[in-house]
There are 2 protein chains.
Amino acid sequence: MATTETLTAERILEATEEVLRRYGPAKATVVDVARALGVSHGSVYRHFRTKAALREAVTERWLRRTIDALRPYADAPGPADERLTGWLTALFALKREKAGGDPELMATFQVLIGENSAVVDRHEDHLVEQIAGILAAGHREGVFTVPEADLPATARAVFHATDRFHNPAHSAEWSAPDSGAAFAAVVTLVQRALKA
Amino acid sequence: MATTETLTAERILEATEEVLRRYGPAKATVVDVARALGVSHGSVYRHFRTKAALREAVTERWLRRTIDALRPYADAPGPADERLTGWLTALFALKREKAGGDPELMATFQVLIGENSAVVDRHEDHLVEQIAGILAAGHREGVFTVPEADLPATARAVFHATDRFHNPAHSAEWSAPDSGAAFAAVVTLVQRALKA
DNA sequence: GCGATGACAGATTTCAATATCTGTCATCAC
DNA sequence: GTGATGACAGATATTGAAATCTGTCATCGC
């Protein structure tokens, strides 16, 4: 009743994210979301079957934003080894910035991530695909010497090897003064492996 | 009063571990520990200034056991590259076995680990030292080509790159059917880097 | 007809009273 | 004298009654 705009899934997701931001994952309720939109909570249930589905959709939206922010680095011009370092650095910077800038929001999304492992798995697949794209280009360019058949497994290995620098479970460690050096050392290790 | 044995720090630690195992980290109290030993809780405070100090000591003991279990692999005979793979595999197997065999106990120690980051940092230093020892041997043998000056940073990078396979924060992922393959892929990556 | 509503049942959470725990210390037993 | 005890104060946790939330659905207004 507050506005005359149509109630869309998108508007509900936006309001849900705002409510999560304000109240945190433990206290955010569907009633809060409805109140923020000026509608009854029954209307929210018209667009999302359950509260869990709503939170899952918010999680998915948030993760997709990361994917989209990274795509330019995956598709950047230049040699593949530099692109890989650029992409990994961008991922680390993005996550570290989010964790440092608003630790509470980070904690909120960590809870959501824990609730929606299937969504997170798909997200990981997308990130690994971006890495795989860079590795394939590097293989064509002759910069990377990993056998072509191993590329998918290697892309995932690169993702896993850098886990500590993008997995939110480690966000507490990113504020350490030497985390940048530790990250650089792992990237160096990975680059050596790919060029071996 | 239950026994005539002397009350030692060691006996208290053993009882504390048992109480933690039985009740979990949230419900285990100093009174429980005293009860298990048949003494008053005041006597426990004679050996440990606070409950936090007691829990820290238990954490330290538990982590030291891991260090001791791994030392044979660090000091094993044979070429350094094989020793490194053996050591990493032993670490992963050890952690996975503990996590799979008794998930609740694992969750308990994850809580303790979260409470005692200083102890954990020292533990990590010990593990990194074992890796560094293997890398140094590999350098002498000519198996690893990493510059000698980089060895300490590289040892830590190897530890970080394999984080996902020994950090308890990831224990939920270790039961996945492809975790063994993912681990092998990362070890392969690390070996390629060291021999590059 | 179509999306929105709000009353409702059962599940979950909150809140305040009650109980237990942590850490101290004067006292006790040997 | 040494080490153990248990009463105590303040902090923390438990409990159960009351409030709120989730998810459904018959009904409403456009």
Side-chain angles (χ1 to χ4, degrees), chain A residues 1-60 104 107-108 110-112 114-116 119, chain B residues 1-60 104 107-108 110-112 114-116 119:
Chain A
M1 287 166 179
T3 84
T4 176
E5 272 180 85
T6 329
L7 186 63
T8 61
E10 186 61 23
R11 281 188 63 219
I12 293 173
L13 287 177
E14 219 143 300
T16 305
E17 205 170 314
E18 175 57 24
V19 167
L20 280 166
R21 198 184 302 269
R22 203 194 293 287
Y23 300 120
K27 292 214 187 159
T29 71
V30 176
V31 171
D32 289 330
V33 173
R35 200 171 11 240
L37 288 163
V39 300
S40 82
H41 74 281
S43 303
V44 174
Y45 279 98
R46 176 165 298 282
H47 291 84
F48 295 93
R49 276 208 314 284
T50 64
K51 183 188 186 181
L54 177 56
R55 288 165 77 117
E56 183 182 288
V58 168
T59 308
E60 202 164 11
E104 276 190 51
T108 293
Q110 245 172 281
V111 171
L112 293 190
E115 287 170 2
N116 296 286
V119 169
Chain B
M1 288 170 178
T3 85
T4 177
E5 272 180 83
T6 329
L7 186 62
T8 61
E10 186 61 21
R11 281 189 64 219
I12 293 173
L13 288 177
E14 218 143 301
T16 304
E17 206 171 315
E18 175 57 23
V19 167
L20 280 166
R21 198 184 300 270
R22 204 194 291 287
Y23 300 121
K27 293 213 185 158
T29 72
V30 176
V31 172
D32 290 330
V33 173
R35 198 169 15 235
L37 288 163
V39 300
S40 81
H41 73 282
S43 302
V44 173
Y45 279 97
R46 175 164 296 282
H47 291 85
F48 295 93
R49 278 207 313 286
T50 63
K51 183 188 186 182
L54 176 56
R55 288 165 77 115
E56 183 181 289
V58 168
T59 308
E60 202 164 12
E104 276 188 51
T108 294
Q110 243 173 282
V111 171
L112 293 190
E115 286 170 3
N116 297 284
V119 170

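All values below were derived from every heavy atom in this structure, side-chain atoms included, with hydrogens, water molecules and symmetry-related copies excluded. So you know, we letter chains A, B, ... as the sequences are listed, proteins then strands, and number each from 1.
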Participant: Quick one: B:F48 CZ to D:dA4 P, roughly how many Å, whole number?
Facilitator: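 Spelled out: CZ on B:F48 to P on D:dA4 is 13 Å.
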Participant: The side chain of B:K27 lies closest to which of these nucleotides: D:dT14, C:dT5, C:dA4?
Facilitator: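 So the nucleotide nearest the side chain must be D:dT14.
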Participant: Return the set of residues passing salt bridge (Lys or Arg N to Asp or Glu O under 4.0 Å) with B:E60 (not counting sequence neighbours), or none when no residue passes.
Facilitator: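 Here the qualifying residues are B:R122.
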Participant: Just to confirm, is there a sub-4.0 Å distance from OP1 or OP2 of D:dT5 to any side-chain nitrogen or oxygen of B:S40?
Facilitator: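 B:S40 to D:dT5 OP1/OP2: side-chain N or O found under 4.0 Å.
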Participant: Measure across B:F48 and B:A57 and return the closest heavy-atom pair with its distance rounded to 0.1 Å.
Facilitator: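 Where B:F48 meets B:A57 most closely, the heavy atoms are CE2-CB, 3.7 Å.
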Participant: Each nucleotide in nucleotides 21-27 of chain D should get exactly one letter: B, S or -. Can you fill that in based on protein heavy atoms under 4.0 Å?
Facilitator: SBBB---
Participant: Map A:A26 and A:H47 onto DNA chain C by nearest heavy atom, then report which one ends up closer to the 5' terminus.
Facilitator: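 By nearest-heavy-atom nucleotide position, the 5'-most residue is A:H47.
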Participant: Any side-chain hydrogen bond (donor to acceptor under 3.5 Å, both in side chains) pairs touching residues 44-55 of chain A, not counting sequence neighbours?
Facilitator: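 side-chain hydrogen bond (donor to acceptor under 3.5 Å, both in side chains) check on residues 44-55 of chain A returns A:R55-A:E115.
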Participant: Looking at every heavy atom in both A:D32 and A:V19, which two are closest together, and how far apart are they?
Facilitator: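 Heavy-atom minimum between the residues: CB-CG1, 3.7 Å.
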Participant: Give the minimum heavy-atom separation between B:P25 and B:T108, together with the two atoms involved.
Facilitator: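 Scanning both residues, the minimum pair turns out to be CD-OG1, 3.3 Å.
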Participant: What's the shortest heavy-atom distance between B:V30 and B:H41, and which atoms?
Facilitator: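 Scanning both residues completely, I find the closest heavy atoms to be CG1-CB, 4.1 Å.
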